[in-house]
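Have a look at the structure below, then the notes.
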Number of protein chains: 2
Amino acid sequence: MRLKRVVLERLMRYHRFLSQTTASKPIQTITSAQIAEALDIDPTQVRKDFGAIGLVGIGRVGYQVEDVCCAVRTVMGFDKENPAVLIGVGQLGGALLTYPGFEKYGLSITAVFDSDPAKTGRSKAGHTIRSIRSLKPYIRKHDIMLAILCTPVEVSQTIADRLVSVGIKAIWNFTPTDLAVPPDVLVRDEHISLGLSEIAYHLKQ
Amino acid sequence: MRLKRVVLERLMRYHRFLSQTTASKPIQTITSAQIAEALDIDPTQVRKDFGAIGLVGIGRVGYQVEDVCCAVRTVMGFDKENPAVLIGVGQLGGALLTYPGFEKYGLSITAVFDSDPAKTGRSKAGHTIRSIRSLKPYIRKHDIMLAILCTPVEVSQTIADRLVSVGIKAIWNFTPTDLAVPPDVLVRDEHISLGLSEIAYHLKQ
DNA sequence: GACCAATCGTGATATATTTCACATATTCAG
DNA sequence: CTGAATATGTGAAATATATCACGATTGGTC
Ligand SMILES: NC(=O)c1ccc[n+]([C@@H]2O[C@H](COP(=O)([O-])OP(=O)(O)OC[C@H]3O[C@@H](n4cnc5c(N)ncnc54)[C@H](O)[C@@H]3O)[C@@H](O)[C@H]2O)c1
Ligand SMILES: NC(=O)c1ccc[n+]([C@@H]2O[C@H](COP(=O)([O-])OP(=O)(O)OC[C@H]3O[C@@H](n4cnc5c(N)ncnc54)[C@H](O)[C@@H]3O)[C@@H](O)[C@H]2O)c1
């Protein structure tokens with residue numbers, strides 16, 4: 001069965017926690033109770049999540065840390081290389097371009113695009129900025145499935161339409177708008193205002 | 001009763017949708033069914049959410065768009081000005097600094113800090129970068145409640161401890177780590193890897 | 001080798017969230 | 001003014017998610 005979003009999120013938390021923990025002090029195994037304690041989750045939940053991705057622990061011992069990390073990475077698809085294009089090399093797009101953390105999740109930005117003639121042709125963080133006009137041919141030629149969208153919000157839907165028309169399968173949307181796409185295309189929104197709303201609401205109390 | 005996170009998230013979606021819709025075509029009222037249709041939510045859910053923030057509609061007409069937007073903004077606390085400090089003026093911190101979109105949510109970055117001597121004293125996007133040593137006195141003096149954390153992940157917890165010790169009430173955490181803070185301090189994580197996991201999982205299918 | 005303590009795996013239970021169903025209220029047409 | 005149509009508001013039902021309770025399994029101890 002397809003994993004739910006909440007499960008994926010918890011799996012990532014387990015993975016991050018175990019990566020951090022083992023980095024400082026190498027340990028072989030860990031119990032669901034230990035993870036639960038650290039992450040403020042019910043231990044049963046941890047075991048059910050692990051069960052959902054086929055992990056089996058051993059009584060009185062717990063789980064092999066190595067196994068857990070591998071299983072999460074495999075299930076998530078981080079071992080698979082995902083080439084992606086980035087569109088809109090401005091403040092945010094530029095920051096994402098330099099981010100070295102994507103690598104370990106299998107994401108590699110293979111081409112970047114902008115509409116600004118002052119930017120196209122120039123280089124940024126090792127990438128030559130291409131004209132937005134070459135977007136569709138590039139995606140078709142290299143069979144790209146993922147696009148990272150960092151353009152001004154006004155053009156987001158237009159670009160999304162183009163991406164869809166050329167067969168993109170997922171859009172990582174950093175622009176504050178709800179994109180309309182066919183059901184088989186995944187849009188993952190990083191709407192920064194959501195975080196802000198939670199913070200503002202908390203500070204108001 | 002305190003609103004749940006899922007409700008806050010939907011309220012933001014309503015707000016964004018109505019802002020966008022009225023921007024292009026001014027309308028007075030809207031029905032729960034119209035909103036539900038556009039956002040792919042159950043209409044009952046929309047009405048319950050509106051009820052939760054004290055909105056009443058009128059039969060056969062719907063809700064006053066103006067009222068909805070106001071109510072959301074008020075409930076969220078966007079009308080209240082929230083001064084904030086930003087820590088770590090690197091790629092990401094720099095991008096956030098230039099972002100004009102925070103204003104309409106009441107967030108204003110009043111001071112920025114960095115530990116790099118090559119950066120402190122210099123100016124970025126209209127802010128003079130202060131030494132991290134002046135962080136605590138500044139927060140105390142100006143009674144700052146919110147900090148935006150964009151430092152390397154290794155120092156996140158150290159900085160967070162300092163922030164807590166000087167009475168911060170919320171941390172907007174852009175670094176990929178789970179911070180340990182007292183229960184009365186809100187940490188809002190913008191863990192980019194969560195988005196990536198959802199995308200990678202989808203592309204694997 | 002037998003027992004004890006700790007841990008997993010999981011069905012049953014509890015809680016949270018969403019959806020349904022319908023009474024009530026309002027608009028508009030004739 | 002009356003009736004038909006279309007909204008809202010909300011308790012009840014359904015679904016989803018999280019927690020509890022406990023048998024099964026394993027490792028350590030004597
Ligand atoms: N800067 C931030 O911290 C931040 C935070 C959250 C969300 N965002 C969102 O991210 C998006 C980008 O923000 P930014 O601050 O980087 O803006 P920016 O203006 O610095 O960058 C936008 C880039 O997109 C390019 N562009 C414009 N039209 C284009 C087109 N049709 N095709 C291709 N490229 C095009 C521009 O030339 C520019 O380089 C915005 O939607 C913004 O709301 C930004
Ligand atoms: N760049 C991205 O697109 C991106 C995306 C997601 C998450 N992040 C996270 O955001 C954080 C910052 O990323 P970045 O790309 O901007 O890195 P960066 O190296 O460009 O910036 C980090 C800044 O923090 C400053 N700093 C270091 N130690 C400090 C301290 N003790 N006190 C104050 N300032 C200190 C550095 O001088 C530097 O200016 C990292 O944790 C990164 O994982 C970055």
Side-chain angles (χ1 to χ4, degrees), chain A residues 1-15 17-18 21 27-72 75 194 197-198 201, chain B residues 1-15 17-18 21 27-72 75 178 183 194 197-198 201:
Chain A
M1 195 196 68
R2 206 180 151 133
L3 298 172
K4 299 285 179 62
R5 227 179 86 143
V6 280
V7 180
L8 294 183
E9 298 208 349
R10 279 196 303 267
L11 289 173
M12 287 304 287
R13 295 190 63 194
Y14 306 147
H15 186 263
F17 170 67
L18 292 178
T21 311
I27 51 168
Q28 301 298 314
T29 63
I30 197 162
T31 69
S32 61
Q34 286 174 298
I35 298 175
E37 163 73 21
L39 265 37
D40 196 28
I41 292 178
D42 188 279
T44 310
Q45 187 75 79
V46 177
R47 294 199 292 274
K48 292 224 158 137
D49 289 339
F50 283 1
I53 59 173
L55 280 167
V56 291
I58 25 189
R60 181 75 202 244
V61 173
Y63 299 85
Q64 297 288 126
V65 173
E66 189 63 30
D67 290 358
V68 176
C69 287
C70 279
V72 172
V75 166
L194 271 188
S197 72
E198 197 182 336
Y201 186 68
Chain B
M1 196 194 70
R2 210 179 147 130
L3 297 172
K4 298 286 178 60
R5 226 177 88 144
V6 279
V7 180
L8 293 183
E9 298 209 349
R10 280 195 303 268
L11 288 173
M12 287 304 287
R13 295 189 64 194
Y14 305 148
H15 186 262
F17 170 66
L18 292 178
T21 311
I27 51 168
Q28 301 298 313
T29 63
I30 196 159
T31 68
S32 60
Q34 285 174 298
I35 297 175
E37 163 75 22
L39 267 36
D40 197 29
I41 292 178
D42 188 280
T44 309
Q45 189 75 82
V46 177
R47 296 200 290 276
K48 293 224 156 138
D49 289 339
F50 283 0
I53 58 172
L55 281 167
V56 290
I58 26 188
R60 183 70 204 250
V61 173
Y63 299 85
Q64 297 289 125
V65 173
E66 188 65 28
D67 292 357
V68 176
C69 288
C70 279
V72 172
V75 165
D178 283 320
L194 271 188
S197 72
E198 195 181 335
Y201 186 68

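Labels below follow one simple rule: chain letters A, B, ... track the order of the sequence lines, proteins then strands, and each chain is numbered from 1.
Among the atoms of the strands shown, base atoms are found under 4.0 Å from some heavy atom of B/Lys48. Within the 4.0 angstrom heavy-atom criterion, only backbone atoms of the sugar-phosphate kind lie near B/Arg10; the bases stay farther away. Base contact: B/Thr44 has a heavy atom under 4.0 Å from a base atom. Heavy atoms of B/Gly51 sit nowhere under 4.0 angstrom from any nucleic acid atom.
Per the geometry, CG belonging to B/Asp42 stands 14 Å off P belonging to D/dA16, to the nearest Å. Following rounding to the nearest Å, B/Leu39 (CG) and C/dT18 (P) show an atom-to-atom distance of 14 Å. One can place CG of A/Asp67 at 15 Å from C1' of C/dC8, the figure rounded to the nearest angstrom. Remark: C1' of D/dT8 and CD of B/Gln45 are 15 Å apart, rounded to the nearest angstrom. Whole-Å rounding puts the B/Gln34 CD to D/dT6 P distance at 13 Å. Taking atom CD1 of residue B/Ile58 and atom C1' of nucleotide D/dT6, one finds them 13 Å apart after rounding to whole Å. If you measure from atom CD of B/Gln64 to atom P of C/dT26, you get 14 Å, rounded to the nearest angstrom. Rounded to an integer number of Å, the gap from CZ of B/Phe50 to P of D/dG9 is 10 Å.
Side-chain N/O atoms of B/Lys4 include one lying less than 4.0 angstrom from OP1 or OP2 on C/dT17. Applying the 4.0 Å criterion to OP1 and OP2 of C/dA25, one finds that B/Arg60 has every side-chain N and O outside that range. Taking side-chain N and O atoms only, A/Ser32 has a distance below 4.0 Å to OP1 or OP2 of C/dC8. Between B/Arg47 and D/dT8, a side-chain N or O to OP1/OP2 separation shorter than 4.0 Å is present. Contact annotation: B/Tyr63 side-chain N/O to C/dT26 OP1/OP2 distance is not under 4.0 Å.
With rounding to the nearest 0.5 Å, the separation of CG in B/Leu11 from CZ in B/Phe50 is 7.5 Å. Here NZ of B/Lys48 is found 9.5 Å from CG of B/Asp42. Values are rounded to the nearest 0.5 Å.
Each of A/Val61 and B/Pro43 was assigned the nucleotide of DNA chain D with the nearest heavy atom; the assignment lying further toward the 5' end belongs to B/Pro43.
Residues B/Ser32 and B/Arg47 come closest through the heavy atom pair OG-NH1, 3.1 Å.
In this structure, B/Arg13 contributes its side chain and B/Leu39 its backbone to a donor-acceptor pair below 3.5 Å.
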Determine, step by step, whether B/Ile53 and B/Val7 satisfy the side-chain contact (heavy atoms from CB on, under 4.5 Å) criterion, reporting the C-alpha distance in whole Å, the side-chain angles of both residues, the deciding distance to 0.1 Å, and the verdict. CA-CA 10 Å; B/Ile53 58 172; B/Val7 180; 5.8 Å; no
